[in-house]
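Numbering of ligands and ligand atoms starts at 1, following listing order.
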Amino acid sequence: MAGGAGMGLPRGAWTRLRSDTEPFALGVASGSPTHGSVVLWTRLLLPAGQGPATVRWEVAHDDKFSRLVQTGQTQALPGLAHSVHVEVQGLEADRWYFYRFVAGDATSPMGRTRTFPAPEAVVARLRLAYASCQRWEHGYFSAWRHMRDENLDLVTFLGDYIYEYPNASNAVRVPSGGWVLTLDDYRQRYALHKGDVDLQAMHAACPWLVSWDDHEVQNDYAGSTEGNSGQAVADFAARRAAAYQAFYEHMPVPASVLTRAMAGLAEGAEMRIYRRLHYGRLASLTMLDARQYKDAQVCTRDGKKGSSTLNPASCASWNDPARSMLGPQQERWLETELARPVSRDSHWNVLGQQSLFGQRDFKGGPGQVLWNDGWDGYAAARTRLTGALQKHGVANPVLLGGDVHENWVGHVKADYADTASPVVGVEFCGTSITSRSAGNARIPELLAENPHFLFADSERRGYGVVEFTPKQLTTTLRVASDVTQQDSGIETLARFSVQAGRPVIEKS
Ligand SMILES: [Fe+2]
């Protein structure tokens, strides 16, 4: 069943992309905004063998492009799949802009983006969405279409933008293709997603901060250790490098993430995508990378690779303090950031990461069964992180996550091994855009077993919206009525609020 090099989209989908004469059929996007800059992205779809292409870009105050702010041009190179990453500098803080690209006689769709407020600015409000996990054949991207109406300043995407899997047997929509293994495979899988009009529309609506999880490469991979989906490849470092390159080619991230890595990417050098941004004095936004540098999972059952759930008491290395989720360098960077005065002075400190943060014991009563791929499998590293939040007096930590295809809402504990330990922050782990949950009839039992969580739901797909003001945050869980229908509606599943200075989640 596993495919080799060159296996990609089934003929129908490939023909659809190739025969599209519109070079901007993959849409536009913006991301990584600061108070003076933003990254503008597109990727030209051009016939095979096409050389470098000149792309002009325009940033304007108005959607007619009559009041131009900046223009420029750049080269879309075949070696980077004719992707374009323009880092526009010198913009005004805290304002909306329109942008578009021109190549030959083709003009791209228009995008809308914004800069962040200046670091010292007093800001009344920030509205962001958190989302993850959009397996193509598990449903339609209606969530993205409805997200356009949420009046957002920012989207944070926390991982699993693509999946490396072949078609699901019970697919809602086909095709996605075969196993994704080569650079060409990854490019085609991203292109498939980027061709979706609902996803395109949300990319064009506001800037995104993007991270990744395992499926951008392979299920359950960890650092330089391969995962467990499909057949093993001969050279995992090369596969990871190809996957990272394709991620870069399709995401609105600055070129600096690639130039740092380009020379040695095939040998496993890093692509540094973790970063921290400030939204005035209202919020800091730290996007973490909990996949690229993590140590391999320990004590996976039956000597297999990847993840499993197990009794940690039977695993000698479970609490080994040498093991890390973020890697030593990112951990040090994070602690340095958390120690800065701005971390105490910001009203909210948001940490976007990949998975469920709080402990989730699957076993009722005495004893534990924990999942070794999530933070539970890196308990010492988790305690170091919560310890740093406490030690540096970080104001109002808010953990955002994804990965588990279920909504979980809870209080972040200083030490999950100690039920009396204080609450140091709050956590909102989002459901998937489309990816199925296994379904979980045991949710009430799990909530009782893990009382630091106050809400969980495994049934619904969607996203969360968090509105921050200096006084409080409000999180609204939005879910598709039926992810298997292209015209699905959207509903509110639950709403929560937290007052600044008091890490207690109230359900409203
Ligand atoms: Fe996922």
Side-chain angles (χ1 to χ4, degrees), residues 129-144 155-173 176-177 179-180 186 189-190 192-193 196 199 208-222 226-230 240 243-244 246-247 250-251 273 287-292 294 297 305-309 325 352-357 360 371-377 399-408 427-440 456-464 477 479-480 483-484:
Y130 58 99
S132 58
C133 297
Q134 47 177 3
R135 189 160 173 193
W136 176 265
E137 65 270 23
H138 281 185
Y140 291 96
F141 290 168
S142 313
W144 295 124
V155 172
T156 57
F157 191 84
L158 301 172
D160 292 355
Y161 195 97
I162 60 161
Y163 284 74
E164 82 285 15
Y165 295 135
N167 289 323
S169 55
N170 47 357
V172 170
R173 56 176 174 174
S176 63
W179 284 102
V180 173
Y186 285 106
R189 189 59 55 93
Y190 277 105
L192 177 73
H193 288 63
D196 184 278
L199 177 59
W208 287 37
L209 286 178
V210 292
S211 191
W212 55 28
D213 197 17
D214 52 344
H215 289 287
E216 280 85 353
V217 180
Q218 184 192 21
N219 183 50
D220 279 352
Y221 95 91
E226 69 184 329
N228 57 10
S229 66
R240 196 184 87 155
Y244 284 9
F247 174 89
H250 295 86
M251 291 293 152
I273 62 165
M287 290 292 275
L288 297 174
D289 178 350
R291 189 54 68 173
Q292 181 175 189
K294 81 191 280 185
Q297 303 89 348
K305 289 199 177 85
S307 72
S308 58
T309 55
M325 179 69 113
Q353 44 82 45
Q354 276 60 64
S355 194
L356 187 68
F357 189 75
R360 182 170 54 168
W371 184 41
N372 66 355
D373 186 58
W375 282 95
D376 281 342
L399 277 288
L400 301 178
D403 180 35
V404 296
H405 308 175
E406 299 175 350
N407 272 301
W408 285 80
E427 160 169 29
F428 298 95
C429 183
T431 185
S432 52
I433 290 290
T434 52
S435 306
R436 289 183 190 124
S437 161
N440 201 332
D457 178 82
S458 65
E459 299 302 317
R460 309 300 294 274
R461 315 275 72 83
Y463 55 88
L477 306 184
V479 291
V483 76
T484 68

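Side-chain atoms of Trp408 and Glu406 form a donor-acceptor pair, as typed in the model, at a separation below 3.5 Å.
Taking Asp373 as the reference, Arg291, Lys294 meet the salt bridge (charged side-chain N to carboxylate O under 4.0 Å, His left out) condition, with sequence neighbours excluded. Glu216 pairs by the salt bridge (charged side-chain N to carboxylate O under 4.0 Å, His left out) definition with nothing, not counting sequence neighbours. For Ser432, the side-chain contact (heavy atoms from CB on, under 4.5 Å) partners are Cys133, His405, Ser435, Arg461, not counting sequence neighbours.
Counting only distances under 2.8 Å, and ignoring water, the protein N, O or S atoms around the Fe ion (ligand 1) are Cys133 SG, Asp160 OD2, Tyr163 OH, His405 NE2.
The side-chain heavy atoms of Tyr463 and Tyr130, taken from C-beta on, include no pair separated by under 4.5 Å.
The distance between the ring centers of Tyr190 and Tyr186 does not fall below 6.0 angstrom.
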